[in-house]
Amino acid sequence: MTLKRLVLIFVLTPIAVLLAVSSLFGSWQEPQFQSRLELYQTNIALQAQAWQSEDSSDNNLQAIREAILGEQPLESATKQYEEARQSVQANLDKVNNKLAQLRSQSEITPIPPKPLPDVPPTAKTSKQGQQQLQQSFKQLQKLLAELDLRLGILQAQQGQTDTALQTWSELQQRSDINPEFGQTAAVLSGLWSNPPRLLQNPQESIQKNLEGWFRFTALVKLYQLQQRQDALSAVKAAQQETAAQAAIKLAVIGTIPTLAALIGLILLILLFAQRLVKGKASLLAQNADVPWSTPWDGETILQVFVVGFFFMGQIFVPLVLSLLPIPRPVADVRLQAFYVLVSYLLVASGALVVLYFSLKRFFPLPEFWFRFRFQSNWFLWGLGGYCAALPIVVVVSLINQQLWQGQGGSNPLLQLALESQDGVALGIFFSTAAIAAPFFEEILFRGFLLPSLTRYLPVWGAILISSLLFAIAHLSLSEILPLTALGIVLGVVYTRSRNLLAPMLLHSLWNSGTLLSLFVLGSN
């Protein structure tokens, strides 16, 4: 065994595995992005339910409204907020317990008599971990206070005034929150008390700490008590305008994916029926058992992924970027977007360079390797694969939500895209997620890894393993199941079409749809 192989197998590969496992377990305590996304959708639904047509007797408009919002939007929103609150409280308790454990460990650790010249890596990691936990703890406290403010308004609007007053009272009694939230809770308690009480500067507190439907609802209550008819008419008019826009947003983010998912479900049924009737002559059976001719062995596969992917992404590129004179954390959203794009392009370029030099000695490659054919049915495979992936991934995601209960981390790019309403930043995010990512990841995972694995596994086994590694590479525990499901669809599309353009299109459509939904939700 050569020195190169020894270093690759016994040194670099274990380090890469440890890095990946460490990152995955690091996402254990992080909240899922999906939970925050559901609250955004709930908030838009609450805004839309306030919309009132000029013709209140129009049954068609009423039917459309119920189809979009459901029959009981307030009750549904209350349930959503109660579940979110339970999840945040559970995560808060876990983080608090973890911090208590770290503090107790630091108390029993002997203090050295003088500063050590080199801090051990474990001590650095422990300190950084404690800082991250403290930051997570503060964020969860803030989120819990915001949820309680909003939950109380939902309860009050459904006639559960005593419950709402109790919710706000408990919030005021907590000493670990920002005083502003306690002040806002006191303002809301005064508005819904019997008799009502108006505190000092209630409008300022409401506008600062409440948003959307919650802000409109509280302001309407305030202006009614103050008998300010002009202000009341203005805020109701603004609420109606916002409600109409929210209804359109819900229609956009709900109708298009639903129709695509329905088409995908029909397509799946037809494909499986064709498979049963036609057998190996069906589309699903096309190339299903045909492996690639792979001239390299597992060492080359390891070299590409360990050196080209993990070390580039986890060590080399972060080290290079850390040496650049860039202020951290990056505050400007455009700089954040540009930083993400540059980081991704560096990782992708490094991995592709390693891939090229790893395979160079095998040129010319056998047939069907890294195949791009514009004159074929790749567009239909990509579009059909996108529609078919929607119902599959949605079902898997619902199961995944129950397993993780709001934990497990998420791609940080999603949160940035959701909260950014800067056109330039969104354009850069789109370039990263909908162009660069599909091109690079499909070349690496479908173009190289999947065919390479057919040297050792049947095609279906290569699809499954490559999909699992594709999901793990995103380094979020909560995303492993949904991304594995998506990877399987991508793998099926590629193995059947034998054209990388097909999974690239599917991948781009998937990421584009996600960004579009985030943009619409974030514009609330």
Side-chain angles (χ1 to χ4, degrees), residues 1-21 24 275 280 284-314 351-372 381 385 440-475 480-481 483-500 502-504 506-507:
M1 185 176 289
T2 63
L3 178 61
K4 173 188 171 184
R5 180 174 294 185
L6 283 172
V7 171
L8 176 65
I9 296 176
F10 296 106
V11 178
L12 298 182
T13 300
I15 292 175
V17 171
L18 285 174
L19 286 172
V21 171
L24 283 171
R275 181 71 173 87
K280 293 187 176 181
L284 277 182
Q286 178 179 317
N287 299 319
D289 301 320
V290 181
W292 275 256
S293 175
T294 308
W296 50 82
D297 57 14
E299 181 183 346
T300 302
I301 301 174
L302 273 180
Q303 181 174 296
V304 170
F305 272 85
V306 171
V307 179
F309 187 76
F310 281 102
F311 270 82
M312 280 290 174
Q314 296 295 303
L352 292 178
V353 166
V354 173
L355 174 65
Y356 173 78
F357 283 104
S358 298
L359 304 187
K360 186 177 180 181
R361 61 193 178 98
F362 300 102
F363 289 172
L365 299 178
E367 190 180 9
F368 297 123
W369 278 98
F370 305 106
R371 196 179 187 201
F372 293 85
W381 274 108
F440 166 59
E441 293 176 13
E442 293 313 306
I443 285 180
L444 198 64
F445 287 95
R446 253 62 62 180
F448 170 72
L449 179 61
L450 192 161
S452 298
L453 292 175
T454 60
R455 173 169 176 161
Y456 304 99
L457 298 167
V459 173
W460 66 265
I463 292 174
L464 183 61
I465 298 301
S466 62
S467 301
L468 182 59
L469 291 174
F470 167 71
I472 291 173
H474 287 76
L475 301 178
I480 288 180
L481 283 180
L483 288 179
T484 299
L486 178 62
I488 289 172
V489 178
L490 287 164
V492 169
V493 165
Y494 179 51
T495 54
R496 273 53 172 180
S497 66
R498 300 292 162 122
N499 190 341
L500 272 173
M504 283 181 181
L506 193 168
H507 199 150

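Between Phe445 and Tyr494, the gap from one ring centroid to the other reaches at least 6.0 Å.
In this structure, CD1 in Ile463 is found 14.0 Å from CG in Leu468, a value given to the nearest 0.5 Å. For the atom pair OG of Ser466 and CD1 of Ile488, the computed distance is 8.5 Å after rounding to the nearest 0.5 Å. Atoms CG and NE2, on Leu500 and His507 in that order, are 13.0 Å from each other to the nearest 0.5 Å. With values rounded to the nearest 0.5 angstrom, Met504 atom CE is found 11.0 Å from Leu490 atom CG. Between atom CZ of residue Arg5 and atom CG of residue Asp297 there is a gap of 6.0 Å, rounded to the nearest 0.5 Å. Expressed to the nearest 0.5 Å, how far CG of Leu302 lies from CG of Leu8 amounts to 5.5 Å.
Between Glu299 and Lys4, the closest heavy-atom pair is OE2-CE, 4.1 Å. Across all their heavy atoms, Ala502 and Val493 have their closest contact at CB-CG1, 3.6 Å.
With sequence neighbours left out, the side chain to side chain contact (heavy atoms under 4.5 Å, CB included) criterion links Ile465 to Leu453, Leu457, Leu469. Among residues two or more places apart in sequence or in another chain, the side chain to side chain contact (heavy atoms under 4.5 Å, CB included) test is passed with Val290 by Asn287, Arg498. Listed by chain and residue number, Tyr344 satisfy the ring-ring contact (aromatic ring centres under 6.0 Å, His included) test with Phe440 (two or more places apart in sequence, or in another chain).
Ring geometry for Phe305 versus Phe448: interplanar angle under 30°, hence parallel rather than tilted (30 to 60°).
The shortest distance between side-chain heavy atoms of Leu444 and Leu449 does not fall below 4.5 Å.
By the 6.0 Å contact criterion, CZ on Phe357 is open, its count of non-hydrogen atoms from other residues, nucleotides or ligands being 12 or less.
Residue pairs meeting the salt bridge (charged side-chain N to carboxylate O under 4.0 Å, His left out) criterion with at least one member in residues 460-474: none, sequence neighbours excluded. For residues 444-455, the set of pairs meeting the side-chain hydrogen bond (donor to acceptor under 3.5 Å, both in side chains) definition, not counting sequence neighbours, comprises Trp296-Ser452, Glu442-Arg446.
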| request: Just do the side-chain contact (heavy atoms from CB on, under 4.5 Å) check on Phe311 and Ile15 with the steps written out, would you? | output: CA-CA 9 Å; Phe311 270 82; Ile15 292 175; 3.8 Å; yes

| query | Should Thr484 and Phe470 be marked as a side-chain contact (heavy atoms from CB on, under 4.5 Å) after you check the CA-CA gap, both sets of side-chain angles, and the distance that decides it? | reply | CA-CA 7 Å; Thr484 299; Phe470 167 71; over 6 Å; no

Would you be so kind as to tabulate the donor-acceptor pairs closer than 3.5 Å made by side chains of residues 358-371, with sequence neighbours excluded?
residue : atom : partner : partner atom : Å
Ser358  : OG   : Gln303  : NE2          : 2.7
Ser358  : OG   : Val354  : O            : 2.7
Trp369  : NE1  : Ser293  : O            : 2.9

